[in-house]
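In this text the structure is predicted, and so the values were computed from the model without any measurement.
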Amino acid sequence: MKGGQRFVGLAMREGSIFSCTSNGALRLTQLSPESTEPMSSLASLPMRLCEWRLAQSGQNFAYGGDEVELSIWDTENAFSHKSEVPPSSAESNKRKRGDQLLPGEVWRAKNIPNDHLSLRQPVRNTALTFLQSSSSTAHHDLLVGTASGNVRRYDTRAARRPVADWKAVGKTGGISTVEKGFHDHEVFVADHGCTLSALDVRSGRTIYAYKGISGAVSSVAPAQSFMASTSQDRFVRLHSTFGPPQEVGQQQDHKGDVLDKLYMKVTPTVVVWDDRDAIGLATPDQEEEGGDDVWDTMQAVESDDEDDGRQESRKEKKTRKE
């Protein structure tokens with residue numbers, strides 16, 4: 001990659017590795033046990049990308065960026081069409097192609113209405129995630145974070161504009177990452193400050209925020225009851241998670257907390273879980289049983305006081321013999 005470019009997306013599915021850079025270079029690398037060398041295919045996407053995500057089905061992917069609207073593509077058609085590098089949304093407006101889909105593109109979002117001064121709203125998409133897995137390529141539910149700190153929800157069947165726009169979710173520097181949780185209606189949002197919080201996507205309300213984080217969170221990986229995160233303060237943290245209440249507006253009884261953290265010699269940027277269901281955390285009962293086993297296998301060692309007493313008794317015996 002050239003200077004100033006970076007990876008904005010990486011995914012693997014059924015022996016195929018997808019990687020995307022900020023300048024719109026999408027690469028598909030197919031790993032085959034029959035061939036010693038992998039086969040690669042390239043596709044051209046708009047430049048100035050900030051995030052790229054592959055859908056759970058693998059049939060579609062989505063991206064967004066700086067003056068690049070949220071867009072959904074068909075994965076197979078994206079690599080079958082050898083077209084020129086697509087223009088950004090600003091260039092599209094100049095060429096009067098803002099509503100025209102590109103080869104392989106199946107849906108594109110529309111910018112929100114102008115502000116109260118009738119000025120165009122800038123497009124600053126910084127993070128995105130798929131909320132629901134759908135077998136239909138025409139229906140997707142996505143969440144997008146912006147540089148202004150807003151979180152927007154899109155339903156491709158309802159409209160091209162967001163069906164919900166929650167203001168000021170990110171407190172500092174805009175949204176850095178959004179990730180769907182394992183509980184229903186749960187999503188985790190982090191900004192470029194020190195804020196990492198759980199959000200209820202039914203109302204956009206923050207149900208709780210994690211304390212004790214002193215660096216911007218760069219990546220989160222939710223599991224069934226836990227979540228891992230990496231941050232710019234060089235810590236990898238393990239968090240507890242609790243799903244939103246059953247009814248919208250109810251008070252949250254339990255809140256997530258930082259369970260443990262590990263300091264790294266380098267700044268971690270991405271964290272993922274492996275394919276195992278259990279993560280090897282012992283319950284308090286297991287810890288007590290394990291502690292008893294350790295004590296049973298330890299060799300008995302006498303204390304210093306007992307050793308001093310034995311030495312004094314030996315000296316007294318020697319003086320008596322003399």
Side-chain angles (χ1 to χ4, degrees), residues 1-11 18-28 41-55 60-75 77-79 81-112 114-115 119-130 140 142-152 154 156 160-162 165 169-170 172-179 189-192 216 218-219 232 269-270:
M1 293 188 298
K2 298 181 180 179
Q5 299 177 5
R6 61 185 180 90
F7 284 100
V8 296
L10 183 65
F18 298 85
S19 63
C20 185
T21 61
S22 57
N23 66 335
L26 178 62
R27 180 183 296 271
L28 168 62
S41 303
L42 291 175
S44 297
L45 303 179
M47 301 179 66
R48 304 168 70 182
L49 298 183
C50 293
E51 181 103 16
W52 178 94
R53 287 290 184 103
L54 183 69
N60 300 97
F61 63 82
Y63 61 74
D66 185 8
E67 290 299 337
V68 179
E69 287 284 4
L70 173 65
S71 178
I72 301 176
W73 286 52
D74 182 272
T75 305
N77 292 335
F79 290 96
H81 292 85
K82 302 296 182 180
S83 59
E84 297 180 357
V85 178
S88 63
S89 60
E91 294 173 346
S92 300
N93 291 333
K94 294 180 180 179
R95 300 183 183 185
K96 298 181 180 180
R97 293 180 55 188
D99 296 333
Q100 182 179 355
L101 297 179
L102 299 168
E105 191 177 19
V106 297
W107 183 88
R108 185 190 303 167
K110 187 176 182 180
N111 194 11
I112 59 178
N114 296 343
D115 60 11
L119 298 177
R120 175 185 175 273
Q121 301 273 21
V123 179
R124 299 287 188 270
N125 297 317
T126 57
L128 67 91
T129 187
F130 285 90
H140 291 283
L142 300 97
L143 209 65
V144 175
T146 68
S148 59
N150 298 345
V151 175
R152 297 167 181 167
Y154 289 86
T156 57
R160 293 176 57 193
R161 283 176 173 160
D165 189 0
V169 177
T172 305
I175 304 298
S176 62
T177 181
V178 292
E179 195 70 46
V189 181
D191 62 9
H192 287 277
S218 56
S219 175
Q232 296 298 316
T269 56
V270 178

A.B. asks: Could you walk me through whether Asn60 and Trp107 pass side chain to side chain contact (heavy atoms under 4.5 Å, CB included), step by step?
C.D. replies: CA-CA 11 Å; Asn60 300 97; Trp107 183 88; over 6 Å; no
A.B. asks: State, with a plain yes or no, whether a side-chain heavy atom of His192 is found less than 4.5 Å away from one of Thr172.
C.D. replies: no
A.B. asks: For Ser22 and Gly4, which heavy atoms make the closest approach, and how far apart are they?
C.D. replies: OG-O, 4.3 Å
A.B. asks: Might you point out which heavy atoms bring Asp115 and Gln121 nearest each other, and give the distance in Å?
C.D. replies: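 Distance-wise, the nearest heavy atoms are CB-NE2, 3.7 Å.
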A.B. asks: Run Arg27 and Leu42 through side chain to side chain contact (heavy atoms under 4.5 Å, CB included) and show every step you take.
C.D. replies: CA-CA 5 Å; Arg27 180 183 296 271; Leu42 291 175; 3.7 Å; yes
A.B. asks: How far apart are the closest heavy atoms of Glu105 and Tyr63, and which atoms are they?
C.D. replies: OE2-OH, 4.4 Å
A.B. asks: Please examine the side chains of Leu143 and Arg152, heavy atoms only from C-beta on, and report whether any two atoms are closer than 4.5 Å.
C.D. replies: no
A.B. asks: For the residue pair Leu54 and Thr75, establish whether any side-chain heavy-atom pair is separated by less than 4.5 Å.
C.D. replies: yes
A.B. asks: Quick check: closest heavy atoms across Ser218 and Thr269, and the distance to 0.1 Å?
C.D. replies: OG-O, 3.2 Å
A.B. asks: What's the spacing between Ile175 CD1 and Ser148 OG if we round to 0.5 Å?
C.D. replies: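 Answer for the CD1-OG pair, Ile175 versus Ser148, is 8.0 Å.
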A.B. asks: Out of curiosity, Cys50 SG to Arg6 CZ, how far, rounded to the nearest 0.5 Å?
C.D. replies: 5.5 Å
A.B. asks: Mind checking the CD-CE spacing from Glu67 to Met47? Nearest 0.5 Å is all I need.
C.D. replies: 14.5 Å
A.B. asks: Can you say whether the rings of Phe79 and Phe18 are parallel (under 30°), tilted (30 to 60°) or perpendicular (over 60°)?
C.D. replies: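 Phe79 vs Phe18 ring planes: tilted.
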A.B. asks: Assess whether side chain to side chain contact (heavy atoms under 4.5 Å, CB included) is satisfied between Ile72 and Leu142, documenting all intermediate values.
C.D. replies: CA-CA 10 Å; Ile72 301 176; Leu142 300 97; 3.7 Å; yes
A.B. asks: Should Val123 and Asn125 count as side-chain neighbours, where that means a heavy-atom distance under 4.5 Å?
C.D. replies: yes
A.B. asks: Are the side chains of Leu102 and Arg108 in contact, using a 4.5 Å heavy-atom criterion?
C.D. replies: yes
A.B. asks: If you measure from CG on Asn150 to CD1 on Ile112, what distance do you get to the nearest 0.5 Å?
C.D. replies: 7.5 Å
A.B. asks: For residues Ala55 and His140, report the shortest heavy-atom separation together with the two atoms involved.
C.D. replies: CB-CE1, 4.5 Å
A.B. asks: How far apart are the closest heavy atoms of Trp73 and Ser44, and which atoms are they?
C.D. replies: CH2-O, 4.3 Å
A.B. asks: Is there a side-chain contact between Trp52 and Leu45 in this structure, where contact means two heavy atoms from C-beta onward sitting under 4.5 Å apart?
C.D. replies: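 A side-chain contact under 4.5 Å exists here.
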A.B. asks: Give the intermediate values and the outcome of salt bridge (charged side-chain N to carboxylate O under 4.0 Å, His left out) for residues Arg161 and Glu69.
C.D. replies: CA-CA 10 Å; Arg161 283 176 173 160; Glu69 287 284 4; over 6 Å; no
A.B. asks: Counting only N and O atoms by type, is there a donor-acceptor contact under 3.5 Å from the side chain of Ser176 to the main-chain atoms of Ala190?
C.D. replies: yes
A.B. asks: Determine whether Asn114 and Arg120 make a side-chain contact, defined as any pair of heavy atoms from C-beta on separated by less than 4.5 Å.
C.D. replies: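 Yes. Closest side-chain heavy atoms under 4.5 Å.
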A.B. asks: So how far is it from Tyr154 OH to Leu128 CG, rounded to the nearest 0.5 Å?
C.D. replies: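 Rounded to the nearest 0.5 Å, the OH-CG separation comes to 10.5 Å.
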A.B. asks: When rounded to the nearest 0.5 angstrom, what is the spacing between CG in Asn23 and CG in Leu49?
C.D. replies: 8.0 Å
